[in-house]
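Working notes, beginning with the structure itself.
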Amino acid sequence: MRTYLGIDVGSISTKLVLINEKNQILYHLYIRTEGNPILAVQRGLKNLKEYIKDNSLEIEIAGVGTTGSARYLAGVITGADLIKNEITAHAMGTSFLTPDVRTIIEIGGQDSKIIILENGVAVDFAMNLICAAGTGSFLDAQAFRLKIPIEKFGDLALKSKKPTSIGSRCTVFCESDMIHKQQIGHKIEDIVAGLCQGLARNFLANVAKGKNIQPPIIFLGGVSENMGMRKAFEDALQQKITVPPYNTVMGAFGVALLIKQNPSQKTKFLGFGISNKDIKCTSFQCKGCPNHCEVIEARIDGKIVARWGDRCGKWSNLSVTDL
Amino acid sequence: MKIQKPKITFARWGNYTIAFKTLFKQLGLEVISPEKTNSQTIAEGAKLAPEMYCLPLKVNIGNYLETIRRGANTIFMVTALGGSCRLRYYGAVQDKVLKEAGYKVDFVIFDQDPRNIYSKIKEISAASPWQIFKAARFFFKKLRFIEKLEKMVQYSRPREIEKGMTDKLLIETFMELDRIEKEKDYPKFKREALRKFSEIKIEKNKDIPKVGLIGEIYTVSDPIINFEAERKLGEEGIEVHREMDLTYHLKKKIFPWKDWIIQKKINPYLKSTVGGHGRDAIYEMLDYVKKGFDGVIHLLPAFCMPEITVRPILEKIHQESGIPFLSLSLDEQVAEAGINTRLEAFVDVVTNHHKSKKL
């Protein structure tokens with residue numbers, strides 16, 4: 001059976017999706033990146049391999065695509081046929097499952113984005129640029145500080161009848177405001193609900209400002225798991241928000257679909273063996289010209305497989321066999 | 001305190017640096033031309049500069065620090081008169097910042113007015129009027145050629161058959177242009193360079209999307225500051241246009257009625273000036289919409305007041321016309337990876353738009 005693998009490596013989580021020729025999802029995985037994208041990809045591939053073995057599936061990987069903030073790194077170490085930005089990947093995946101989608105809100109660990117679609121293609125988008133307020137890591141940090149498991153964070157927010165107003169311009173102000181409200185005796189669920197409202201407000205005022213938000217609105221990314229955030233967006237937008245199945249792996253699904261649409265003759269996939277190899281990345285500053293580019297070098301079992309990051313191509317054009 | 005023998009330096013500004021270097025050299029001055037801006041330059045400048053100031057000021061200071069280390073003692077810096085942005089205090093702020101940090105440099109601050117520039121140049125170089133005229137003539141020749149090359153490259157980059165040829169030739173040509181010190185060697189060089197560019201093999205009839213770059217002049221025309229957006233877009237198969245360059249700016253200074261024409265065109269959106277090139281951004285975007293472009297990218301330094309003021313208007317034009325639009329605020333905190341993600345996604349949006357127009 002010919003299958004296509006999509007890998008989405010984000011700052012907090014790494015996602016794998018395997019689809020077949022009929023665009024059905026055979027396997028999906030969501031694991032934590034834990035600050036080590038290389039290890040996360042290796043673990044993901046190992047899990048996938050075990051799944052294939054356990055179910056004795058006859059699978060041929062006909063193409064691999066990567067997306068997410070570590071897409072280049074993941075692409076190099078897996079031998080991806082396609083490296084695509086996460087905005088296009090999310091738009092692709094979502095519009096496949098919900099063809100009439102007009103707005104996608106996607107909030108992950110570090111990035112939050114809004115994508116506006118028309119007839120299934122992205123026509124406009126925005127991403128947080130200077131400020132990362134309201135993303136998953138911040139919610140994580142607050143859950144940890146309040147000693148609430150992040151999974152329960154949303155349910156707790158829903159219990160609130162009178163959310164506390166929390167300043168949300170910046171996560172640092174937000175946290176100090178939260179602490180202040182705790183100290184004067186606000187109920188914890190009210191604070192948590194207020195935090196969700198503040199973050200939704202921040203997203204709409206900063207990232208989504210000036211964007212033409214039309215229903216159906218789809219909410220994706222790790223933060224979409226949070227019931228409190230779903231409700232906060234519904235309240236702020238006064239519209240129904242849909243969280244579809246595969247909401248946290250949509251980018252990986254999208255890039256798998258993209259590679260399936262344009263498959264290469266022969267995949268460059270380096271195989272599952274990669275998960276047992278020693279992969280290291282180092283970087284050095286090239287002093288060849290005043291650009292002082294940071295050149296990154298990837299080695300698998302000590303052998304250089306790729307170099308990138310230079311502007312002139314002096315290093316990245318060195319074919320691997322030359323080395 | 002007057003330093004006896006001036007060793008001139010100036011803020012780096014993309015490829016124009018070559019022309020500025022020539023100008024001062026032709027005046028018989030010793031010039032310490034700033035090296036290409038890199039991450040270290042920016043970090044050093046940002047360390048000294050006031051935090052809430054915009055990126056160009058920080059980068060300028062970084063450039064000076066690098067040239068001061070190589071012996072520069074006199075800085076030539078513009079101050080914009082009239083309803084401009086904070087740029088008009090740049091000279092004064094930079095002077096103060098460097099003096100407070102203990103650097104002994106002379107600041108020659110001039111206005112954007114031919115008479116003032118002439119008198120300042122005369123003051124530091126003691127050159128004869130004829131020599132100044134000759135230096136200026138050569139300066140403008142180089143300046144115009146730099147802009148011509150940049151425009152040619154915008155066309156050939158997305159169409160080239162052998163990838164990377166255009167940029168390779170561009171880098172070589174700029175290096176050679178930098179080496180030419182005698183005006184009499186220039187015509188031959190120019191002919192040769194143009195011939196080489198005409199030999200780049202391109203797909204003439206390729207149907208490709210067009211994107212216009214608008215925004216603050218320094219950010220738009222210095223490739224290092226905008227993370228080489230122009231080159232990246234070109235390599236992704238997009239023809240890039242930009243109106244905003246030094247000649248455009250100088251023309252506006254010499255022919256003030258251009259501003260009046262712009263104001264007339266943008267009246268439905270903005271009835272007053274907002275400083276800087278705010279009006280021009282609106283005017284250019286409307287122009288790109290009219291010409292059927294497939295996208296507009298707005299580049300600005302973070303906290304740039306004129307550009308932030310016009311951004312909602314640009315958003316409005318984008319909503320009304322449906323032209324894809326991306327606004328990127330740049331400062332020393334911005335990571336290149338993030339910019340690349342946005343540019344890549346924008347290329348996809350622009351390509352979709354281009355395809356859908358043909359249906």
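A note on names: the letters A, B, ... follow the listed sequences, proteins ahead of strands, and every chain is numbered from 1.
Using a 4.5 Å heavy-atom threshold, the side chains of B/K355 and A/V121 count as separate. Looking at B/L326 and A/F125, their side chains come closer than 4.5 Å, going by heavy atoms from C-beta outward.
Residues A/K209 and B/E315 are not paired through a salt bridge, judged by the lack of any N-O separation under 4.0 Å between the basic side chain and the carboxylate.
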Identify every side-chain donor-acceptor pair in residues 62-71 of chain B under 3.5 Å, counting partners at least two apart or on other chains, and give the distances.
{"residue": "B/N63", "atom": "OD1", "partner": "B/R12", "partner atom": "N", "Å": "3.3"}
{"residue": "B/N63", "atom": "ND2", "partner": "B/T37", "partner atom": "OG1", "Å": "3.3"}
{"residue": "B/Y64", "atom": "OH", "partner": "B/Q94", "partner atom": "OE1", "Å": "2.9"}
{"residue": "B/E66", "atom": "OE1", "partner": "B/E35", "partner atom": "N", "Å": "3.0"}
{"residue": "B/E66", "atom": "OE2", "partner": "B/R70", "partner atom": "NE", "Å": "2.9"}
{"residue": "B/E66", "atom": "OE2", "partner": "B/R70", "partner atom": "NH2", "Å": "2.8"}
{"residue": "B/T67", "atom": "OG1", "partner": "B/T9", "partner atom": "OG1", "Å": "3.3"}
{"residue": "B/T67", "atom": "OG1", "partner": "B/N63", "partner atom": "O", "Å": "3.3"}
{"residue": "B/T67", "atom": "OG1", "partner": "B/Y64", "partner atom": "O", "Å": "2.8"}
{"residue": "B/R69", "atom": "NH1", "partner": "B/E44", "partner atom": "OE2", "Å": "3.1"}
{"residue": "B/R69", "atom": "NH2", "partner": "B/E44", "partner atom": "OE1", "Å": "3.3"}
{"residue": "B/R70", "atom": "NH2", "partner": "B/S33", "partner atom": "O", "Å": "2.7"}

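The contact between B/F325 and chain A is made entirely by backbone atoms, counting heavy-atom distances below 4.5 Å. Proximity to chain A is limited to the side chain of B/E336, based on heavy atoms less than 4.5 angstrom apart.
With a 6.0 Å radius and a threshold of 12 heavy atoms from other residues, nucleotides or ligands, B/K168 has its NZ atom at or below the threshold. The neighbour count for A/N119 CG, taken as heavy atoms of other residues, nucleotides or ligands under 6.0 Å away, does not exceed 12. The 12-atom threshold is not exceeded at NZ of B/K47, counting heavy atoms of other residues, nucleotides or ligands nearer than 6.0 Å. Taking a 6.0 Å sphere around CD of A/Q214, one finds it holds more than 12 heavy atoms contributed by other residues, nucleotides or ligands. Counting non-hydrogen atoms of other residues, nucleotides and ligands closer than 6.0 Å to CD of B/E162 gives a total of 12 or fewer. Other residues, nucleotides and ligands place no more than 12 heavy atoms under 6.0 Å from the CZ atom of A/F173.
For the options A/D124, A/V123, A/I116, A/D111, heavy-atom pairs under 4.5 Å to chain B are most numerous at A/D124. By number of non-hydrogen pairs under 4.5 angstrom with chain A, the leading residue of B/H318, B/Q333, B/H353 is B/H318.
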*From CA spacing to verdict: side chain to side chain contact (heavy atoms under 4.5 Å, CB included), A/T88, B/E344*: CA-CA 9 Å; A/T88 307; B/E344 279 171 37; over 6 Å; no
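Here the straight-line distance linking atom CG of B/N38 with atom CD of A/Q285 works out to 7.0 Å at 0.5 Å rounding. A distance of 7.5 Å separates CD in A/E294 from OG in B/S39, rounded to the nearest 0.5 Å.
Here the closest non-hydrogen pair linking A/R71 and B/N340 is NH2-C, 4.3 Å.
The interface of residues 225-238 of chain B with chain A, defined by heavy-atom distances below 4.5 Å, comprises B/E228, B/R231.
No side-chain donor from either of B/T341 and A/N85 sits under 3.5 Å from a side-chain acceptor of the other.
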